[in-house]
**Student:** 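Pasting a structure here, questions to come.
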Amino acid sequence: MQVGKPILYSYFRSSCSWRVRIALALKNMDYEMITINLTKDGGQQFSEEFQALNPMKQVPALKIDGITIGQSLAIIEYLEETRPTPRLLPQDPKKRAHVRMISHLLASGIQPLQNLSVLKQVGQENQLTWAQQAISSGFNALEQILQSTAGKYCVGDEVSMADLCLAPQVANADRFKVDLTPYPTISRINKSLLALEAFQVSHPCRQPDTPPELRA
């Protein structure tokens with residue numbers, strides 16, 4: 001089924017791309033990366049070439065097994081179904097539902113509201129306040145949910161798709177200067193995740209397209 005090495009279209013600061021980079025690292029997959037700069041040249045995602053690849057004009061996109069997949073959670077679920085080790089969705093249906101619930105809360109309920117395309121619409125002077133409110137509102141709900149689902153990580157003691165969504169969103173919260181004091185469970189889980197190699201190698205500060213001043 002595999003036709004050549006998978007190709008990931010990614011941007012260093014894209015939290016959606018980071019989710020997929022973590023999944024690829026956890027599953028120990030070798031892949032090629034093509035970087036799409038979302039701010040250069042008016043946004044390289046708007047080029048005809050990339051639009052033909054992903055009509056939504058967003059990263060990530062993954063070319064794999066002869067198909068191209070957009071949307072980070074769809075990519076992660078495909079990787080899970082075709083390369084199931086290590087498992088990112090629990091076997092237990094209730095835990096799997098919790099993982100999906102948290103993943104979608106982060107990926108649909110928070111991230112799009114503070115995404116670059118939305119922030120452009122709200123005006124420069126409103127961007128920080130808008131992003132902070134969007135993230136805080138979602139984190140208020142997530143902190144409450146994690147009280148009943150979390151172990152070491154978001155759902156129990158194994159890294160799941162939910163954690164792949166959590167760490168990038170906490171990085172966004174830091175970037176938008178959100179006070180994380182009210183979210184001790186989110187902060188604790190994030191700290192545990194960032195200690196893992198897969199989260200470190202995939203981190204925005206360590207990508208081929210990371211600007212020198214943001215490298216670590």
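Starting from 1, each residue takes its place in the sequence as its number. Given the structure is predicted, the values throughout are model-derived calculations rather than measurements.
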**Student:** Quick one: pull up CG in N54 and NZ in K63 and give me the separation to the nearest 0.5 Å.
**Tutor:** 12.0 Å
**Student:** Rounded to the nearest 0.5 Å, what separation is found between the CZ atom of R13 and the OG1 atom of T39?
**Tutor:** 8.5 Å
**Student:** Tell me which one of L142, L146, I145, L106 satisfies side-chain contact (heavy atoms from CB on, under 4.5 Å) with C154.
**Tutor:** L146
**Student:** List the atom of R19, the atom of L164, and the distance in Å for their closest heavy-atom pair.
**Tutor:** CG-O, 3.1 Å
**Student:** Working to the nearest 0.5 Å, report the span between CD of Q45 and CG of L38.
**Tutor:** 4.5 Å
**Student:** In chain order, what residues pass the ring pair (Phe, Tyr, Trp, His ring centres under 6.0 Å) check against H203, with sequence neighbours excluded?
**Tutor:** W18
**Student:** Where do Q127 and F176 land on the side chain to side chain contact (heavy atoms under 4.5 Å, CB included) test, with the steps shown first?
**Tutor:** CA-CA 9 Å; Q127 288 183 359; F176 291 116; over 6 Å; no
**Student:** Could you give the distance from SG (C165) to CG (L73), rounded to the nearest 0.5 Å?
**Tutor:** 5.0 Å
**Student:** Which residues satisfy the ring pair (Phe, Tyr, Trp, His ring centres under 6.0 Å) test with Y11, sequence neighbours excluded?
**Tutor:** none
**Student:** Search all heavy atoms of Q207 against all heavy atoms of V201 and return the closest pair with its distance.
**Tutor:** NE2-O, 3.2 Å
**Student:** Donor-acceptor pair, Q51 side chain versus M56 backbone, under 3.5 Å?
**Tutor:** no
**Student:** Please identify each residue that fulfils side chain to side chain contact (heavy atoms under 4.5 Å, CB included) with P208, with sequence neighbours left out.
**Tutor:** M33
**Student:** Determine, step by step, whether E80 and K27 satisfy the side chain to side chain contact (heavy atoms under 4.5 Å, CB included) criterion, reporting the C-alpha distance in whole Å, the side-chain angles of both residues, the deciding distance to 0.1 Å, and the verdict.
**Tutor:** CA-CA 9 Å; E80 183 70 1; K27 291 180 181 292; 2.9 Å; yes
**Student:** Kindly write out the residues that satisfy ring pair (Phe, Tyr, Trp, His ring centres under 6.0 Å) with Y183, not counting sequence neighbours, or none if the list is empty.
**Tutor:** F139
**Student:** Surrounding CD of Q200 (heavy atoms of other residues, nucleotides or ligands, distance under 6.0 Å), is the total greater than 12?
**Tutor:** yes
**Student:** Flag yes if more than 12 heavy atoms outside E77 fall under 6.0 Å of its CD atom; otherwise flag no.
**Tutor:** yes
**Student:** Show your working on side chain to side chain contact (heavy atoms under 4.5 Å, CB included) between Y31 and L62 and close with a plain yes or no.
**Tutor:** CA-CA 10 Å; Y31 65 96; L62 184 69; 5.6 Å; no
**Student:** Would you confirm whether R21, through its side chain, and F12, through its main-chain N or O, come within 3.5 Å as a donor-acceptor pair?
**Tutor:** yes
**Student:** Using the test side chain to side chain contact (heavy atoms under 4.5 Å, CB included), find all partners of R215 that sit at least two apart in sequence or belong to another chain.
**Tutor:** T210
**Student:** Can you get from L88 to M101 by hopping between Ile, Leu, Val, Met, Phe, Trp and Tyr side chains that sit under 4.5 Å apart?
**Tutor:** yes
**Student:** Roughly how far, to the nearest 0.5 Å, is the CG atom of N37 from the OG atom of S10?
**Tutor:** 11.0 Å
**Student:** Looking at residues at least two apart in the chain, or sitting in another chain, which of them share a side chain to side chain contact (heavy atoms under 4.5 Å, CB included) with Q147?
**Tutor:** E143, T185
**Student:** Do NZ/NE/NH1/NH2 and the carboxylate oxygens of D163 and K152 come within less than 4.0 Å?
**Tutor:** no
**Student:** I'd like to know whether CD of E125 has more than 12 heavy-atom contacts from other residues, nucleotides or ligands below 6.0 angstrom.
**Tutor:** yes
**Student:** Side chain of Q111, backbone of S15: donor and acceptor closer than 3.5 Å?
**Tutor:** no
**Student:** Taking a hydrophobic cluster as the set of Ile, Leu, Val, Met, Phe, Trp and Tyr residues connected by side-chain heavy atoms closer than 4.5 Å, whether directly or through intermediates, do L194 and L180 fall within one such cluster?
**Tutor:** yes
**Student:** Yes or no on side chain to side chain contact (heavy atoms under 4.5 Å, CB included) for L193 and L196, after CA distance, side-chain angles and deciding distance?
**Tutor:** CA-CA 5 Å; L193 293 171; L196 302 174; 4.3 Å; yes
**Student:** Would you say NZ of K95 has more than 12 non-hydrogen atoms from neighbouring residues, nucleotides or ligands within 6.0 angstrom?
**Tutor:** no
**Student:** Nearest 0.5 Å, what's the CD1-CD distance between I135 and Q114?
**Tutor:** 4.5 Å
**Student:** Determine whether more than 12 heavy atoms belonging to other residues, nucleotides or ligands lie under 6.0 Å from atom CG of N28.
**Tutor:** no
